[in-house]
**Q** 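Below is the structure I would like to discuss, written out as structure tokens.
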Amino acid sequence: MSLTALSHHLVPCPYCTQLNRIETDALVACGRCGSALQRRGAPKLLSVWALLLAAVILYVPANLLPVMTMVSLGRDSSNTLMGGVIHFVQTGAWLLALVVFVASILVPLSKIVVLAGLLLSVQFRWCARLRDKTRLYRLIEFMGKWSMVDVFVIALLVALVQFGEFATIKAGAGSLSFAAVVLLTLWATSIFDTRWLWDVCADKQGGEHV
Amino acid sequence: MMKKACPDCDLLVTITPLKHNERALCPRCDAVLARGGRSMDSIFALILSGLLLWVSSLALPILTLDVNGVQQPLSLWQTAFAMLDQEAWLLAILVAMTSFVAPFFHLAMMLWLFLPLRFERKPPFVGWAFRLLYANQGWMMLEVFFLSLLVTAVKLADSAQLLPGWSLLAFVALMLVMSAIQLLFDPDVYWRAVEQCR
């Protein structure tokens, strides 16, 4: 016997959490807050795959193209994402190197890998360790926005250096690609629904996935 | 006693009334389903202080740029507008949205939702205001912006110094108040209060 809200024809409102009894596939207004509700159908895997694929493609220029170019006293230097980390390591700013490495390399990459793994898990009905997979999703959902650190740093540098007049900094194509990667993975993560993981395993024997 | 569906795994759970500092976790996937002791009064106080802090975070320089002794104070909105001058309008919008537009919108929506409740009235367009609040939530990245300020200060250390301004204090306080508001806001508790106003 299944114990989910779906099996009882109940749909929780994503906004106010109120349980609504819905027996058809039609759009229904939540009885408490009026939000549009629909019974959860088949997983929308294709939309998430599409966004993830776009993020993977843009991940290449984000890492290869310079995120910014600084012209200072006639010297001009371009910085890629990894170049920024290496610069911090060379100047001995270890803590900062770690922060930037985690925020702009480790987080986006692990987000893409984890999300792909979760999608495969739904697609092929891998029903082992569902609790851990749900936890993993909550982790990438929490850390997603921290990847924006590097985008903000470039924005701040561009803005500040204009006032300082000691150099000029231009945002490179890499930073735009990187911002797009971050926003695309945030979008893909928000569409993914962890209940899909549990849904596709509902008809398998209970117990094994708890 | 109330019934809730876990937002992460859809398990139907019956929750007994919670005491202060108690949390109800989903037995199947560990999602937090409800927290005890959510007071509407403390949220209202936080919204008001948040609005005051928001004004303060914009009113004074958030940092001062020091290049060989020449000092240039900069406010939060100037940093966003400077990007417009550089024709980096996409970056300008992103920074403006995440660092001061979205937080203000969040506070304004919260005030809209909570002020009428003080007078036991149902807020007008309550459903719409509620959904707008949620749509805006993903754009608030005060803490990420703050970390970026720190990284920028170190990055510039070779050629210039970044000194903290008075508004930075307000900004950090606003950051803390905003996360307190988000932690204390329970949509279920809120809507039960709205229903009592009818």
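Because only heavy atoms are used, hydrogens play no part in the values below, and waters and symmetry mates are left out as well, while side chains stay in. Chain A is the first sequence line, chain B the second, and so forth, proteins listed ahead of strands; every chain is numbered from 1.
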**Q** So for B:Y134, is it side chain, backbone, both, or neither that comes closer than 4.5 Å to the heavy atoms of chain A?
**A** side chain

**Q** Check step by step if disulfide (SG to SG under 2.5 Å) holds for B:C26 and B:C6.
**A** CA-CA 6 Å; B:C26 171; B:C6 171; 3.7 Å; no

**Q** Students often mix this up, so state it plainly: with edges at 30° and 60°, are the rings of B:F130 and B:Y190 parallel, tilted or perpendicular?
**A**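 Rings of B:F130 and B:Y190: parallel, under 30°.
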
**Q** Using non-hydrogen atoms and a 4.5 Å limit, figure out which bit of B:L162 sits close to chain A: side chain, backbone, both or neither.
**A**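 Contact with chain A is through the side chain of B:L162 alone.
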
**Q** Does any non-hydrogen side-chain atom of B:L147 lie less than 4.5 Å from one of A:F152?
**A**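 Result no, sub-4.5 Å side-chain heavy-atom pair not found.
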
**Q** Among B:S99, B:P187, B:G127, B:C29, who wins on heavy-atom pairs under 4.5 Å with chain A?
**A** B:C29

**Q** Shortest non-hydrogen contact from A:G34 to B:R131?
**A**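 Nearest heavy atoms, A:G34 then B:R131: C-NH1, 3.5 Å.
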
**Q** Is A:V153 in contact with chain B via its backbone, its side chain, both, or neither, using a 4.5 Å heavy-atom distance?
**A**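 Contact with chain B: backbone and side chain both.
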
**Q** Of the backbone (N, CA, C, O) and the side chain (C-beta and beyond), which part of A:F88 lies under 4.5 Å from a heavy atom of chain B, both, or neither?
**A** side chain

**Q** Under 4.5 Å, counting heavy-atom pairs only, tell me which of B:C9, B:P7, B:A31 racks up the most with chain A.
**A** B:C9

**Q** With a 4.5 Å cut-off on heavy-atom pairs, point out which of A:Q18, A:M148, A:R138 contacts chain B the most.
**A** A:R138

**Q** Can you say whether A:L197 sits under 4.5 Å from chain B via the side chain, the backbone, both, or neither, judging by heavy atoms?
**A**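 Nothing of A:L197, per the 4.5 Å heavy-atom cut-off to chain B.
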
**Q** Is it the side chain or the backbone of B:V126 that comes within 4.5 Å of chain A heavy atoms, both, or neither?
**A**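 Contact with chain A is absent: no heavy atom of B:V126 under 4.5 Å.
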
**Q** For atom CZ of B:R192, is the number of surrounding heavy atoms from other residues, nucleotides or ligands below 6.0 Å larger than 12?
**A** yes

**Q** For the candidates A:T134, A:V11, A:L6, A:L156, which exhibits the highest count of non-hydrogen atom pairs separated by less than 4.5 Å from chain B?
**A**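 Top option by heavy-atom pairs under 4.5 Å: A:L156.
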
**Q** Between A:S35 and chain B, with a heavy-atom cut-off of 4.5 Å, which part of the residue counts as in contact: side chain, backbone, both or neither?
**A** both

**Q** May I ask you to check whether over 12 heavy atoms, not counting those of B:E120, lie within 6.0 Å of atom CD?
**A**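 Open: at most 12 neighbouring heavy atoms sit under 6.0 Å from CD of B:E120.
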
**Q** Do you know which of B:T98, B:L63, B:V13 has the most heavy-atom pairs with chain A at a distance under 4.5 angstrom?
**A** B:T98

**Q** Do you know the tightest heavy-atom contact between A:L65 and A:T80?
**A** O-CG2, 3.7 Å

